[in-house]
There are 2 protein chains.
Amino acid sequence: MTADGEQTKARLLTEARDLYLEEGFVRFSLREVARRAGVSAAAVYRHYDGKEALLHQVCTEGFRVFFSYLMRALAGKTPRERLMLSARQYLRFALENPRDYRVIFMGAAEDLATLAPAENAHEYAPTFQFLVDRVRECMQEGVLRKGDPMATATLVWANVHGLASLRLSGHLAGAGSDEEFGRFYEGAVERLLAGLAP
Amino acid sequence: MTADGEQTKARLLTEARDLYLEEGFVRFSLREVARRAGVSAAAVYRHYDGKEALLHQVCTEGFRVFFSYLMRALAGKTPRERLMLSARQYLRFALENPRDYRVIFMGAAEDLATLAPAENAHEYAPTFQFLVDRVRECMQEGVLRKGDPMATATLVWANVHGLASLRLSGHLAGAGSDEEFGRFYEGAVERLLAGLAP
DNA sequence: GTCTATAGGTGGATAGAC
DNA sequence: GTCTATCCACCTATAGAC
């Protein structure tokens, strides 16, 4: 590949990402991506194996970003603080990257075989593992009741996901601004952890 | 309208529903609905105002079914039993009508202006109100800590929705069969109510 | 009320020249 | 590696005959 080839390939990916962020899946098309990138539709096939492959690449990028949000929670000084920060970062990611969140956790891409959970479970595993680890260290230090870390992590996940996804769907619009909702969210998490304390 | 006209109209609706249940939104088309109903694509326009109107009708039907599931929870003899039954019926609906659940609560129809939450908020209101009422009566009888019924109902909703939607997305496939998951779900709800008790 | 025919459009993907 | 030209499939929606 030449240098130009690499540049075009990267350009196509960013344009694809923008288009997908703007329009979602239904209105996503190869031709439009090519138009925006300033190349012909045919050129795309030199770099990607068709529409689904390109979309898949875009989504993989979404996972990477999500993980980067979570990682920032490691700045917390105690297990409890890291767990709370994880929850906060989770919501931050959802609110700041709603389309990605939908794809990853709300199955917005249900019609795309490429993105079926079963087919890319390996992309989810590390992020869930991250949460399990946070829960486990909380159990070890007596912040949470001892038990199966995976089961408890699932409860925590369902909780934050439930709130985040209802918010994104617009069903909790009555909760006010994102900031107000953020406080409600933190309160809910605090209460949940209290209920899971020893 | 003649009797035949009414029959065709009803037939179109059921075929539209089936197609949507099988293929989802992306692959939903008027032509295919017409094919299945045994009429021409043009005939559809005599009965419905186009594709979106037909889809909207299909979704309205989904709401109706969801509400009928919830109503069965009124068979419970105590406020607590009715609340627990509501949670159980909620999951039942989700597992037995996954596509409808996605549309109603997971924003699978995000690209369909017709179905934007803001535009049919009046369809959600009664179902949320149902939950608020269950929570309120629990507060009145001392089953739940007194407070804002809407805030508490939101917490309960986020909880059951979080579990149900993650299950539907395939993210909790590790939880075993639907029956096993059902037990995990009930346990989670019990724990939540315990945390919200006086 | 239903049909056929058709207009007018989108999109994915490929062939072959350069 | 990129282009133009092209094929083919599919869609929504309408016009006008019956």
Side-chain angles (χ1 to χ4, degrees), chain A residues 1-59 99 103 108-116 119, chain B residues 1-59 108-116 119:
Chain A
M1 301 182 187
T2 73
D4 266 20
E6 280 303 310
Q7 272 177 16
T8 300
K9 180 166 185 171
R11 178 79 190 280
L12 282 171
L13 187 60
T14 65
E15 293 295 346
R17 179 173 174 75
D18 288 351
L19 177 59
Y20 141 79
L21 287 172
E22 288 168 24
E23 303 291 338
F25 279 101
V26 180
R27 293 171 181 74
F28 181 93
S29 84
L30 261 184
R31 295 176 107 99
E32 178 62 19
V33 172
R35 263 190 292 271
R36 293 180 179 210
V39 297
S40 74
V44 179
Y45 289 85
R46 284 286 148 194
H47 302 286
Y48 298 95
D49 225 34
K51 179 188 181 179
E52 302 237 320
L54 181 52
L55 264 175
H56 186 76
Q57 202 59 32
V58 167
C59 292
R99 192 83 67 174
V103 174
E110 54 163 326
D111 294 290
L112 244 71
T114 335
L115 300 163
E119 298 201 14
Chain B
M1 301 183 187
T2 74
D4 266 20
E6 280 303 309
Q7 273 178 14
T8 299
K9 181 167 184 171
R11 179 79 191 280
L12 282 171
L13 187 60
T14 65
E15 293 295 346
R17 179 173 174 75
D18 288 351
L19 177 60
Y20 141 78
L21 287 172
E22 288 168 26
E23 304 289 338
F25 279 101
V26 179
R27 293 171 182 73
F28 182 93
S29 86
L30 262 184
R31 294 178 102 95
E32 179 62 19
V33 172
R35 262 191 292 272
R36 293 180 180 209
V39 297
S40 73
V44 179
Y45 289 84
R46 282 288 147 192
H47 303 285
Y48 297 95
D49 226 34
K51 179 188 181 178
E52 301 237 321
L54 182 51
L55 264 175
H56 186 76
Q57 201 58 33
V58 167
C59 292
E110 54 163 326
D111 294 289
L112 244 71
T114 335
L115 301 163
E119 298 202 11

Is there any protein nitrogen or oxygen under 3.5 Å from a nitrogen or oxygen in nucleotides 11-18 of chain C, and what are the pairs?
unit_1 : atom_1 : unit_2  : atom_2 : d
C:dG11 : OP1    : A:Ser29 : OG     : 3.4
C:dG12 : OP1    : A:Leu30 : N      : 3.1
C:dG12 : OP2    : A:Leu30 : N      : 3.0
C:dG12 : OP2    : A:Arg31 : N      : 3.3
C:dG12 : N7     : A:Arg31 : NH1    : 2.4
C:dG12 : O6     : A:Arg31 : NH1    : 2.8
C:dA13 : OP2    : A:Tyr45 : OH     : 2.8
C:dA13 : OP2    : A:Lys51 : N      : 3.2
C:dA13 : O5'    : A:Tyr45 : OH     : 3.1

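Residues passing the side-chain hydrogen bond (donor to acceptor under 3.5 Å, both in side chains) test with A:Arg11, sequence neighbours excluded: A:Glu15. For B:Tyr48, there are no ring pair (Phe, Tyr, Trp, His ring centres under 6.0 Å) partners at least two apart in sequence or on another chain. Shown here are the side chain to side chain contact (heavy atoms under 4.5 Å, CB included) partners of B:Glu32, two or more places apart in sequence or in another chain: B:Leu19, B:Ser29, B:Arg35, B:Arg36. Not counting sequence neighbours, the partners of A:Tyr20 by the side chain to side chain contact (heavy atoms under 4.5 Å, CB included) test are A:Phe25, A:Phe28, A:Val58, A:Arg99, A:Asp100, A:Val103.
Listed pair B:Thr8 / C:dT2 meets the phosphate criterion, a side-chain N or O lying under 4.0 Å from OP1 or OP2.
As a whole-Å value, the separation of A:Leu12 CG from D:dG1 P is 13 Å. Nucleotide C:dG1 holds its P atom 13 Å from the CD atom of B:Gln7, rounded to whole Å. Spacing between atom OH of B:Tyr48 and atom C1' of C:dT2 amounts to 16 Å, rounded to whole angstrom units.
The two residues B:Leu12 and B:Ala34 make their nearest non-hydrogen contact at CD2-CA, 4.5 Å.
Between A:Val33 and A:Leu54 the shortest side-chain heavy-atom distance falls below 4.5 Å.
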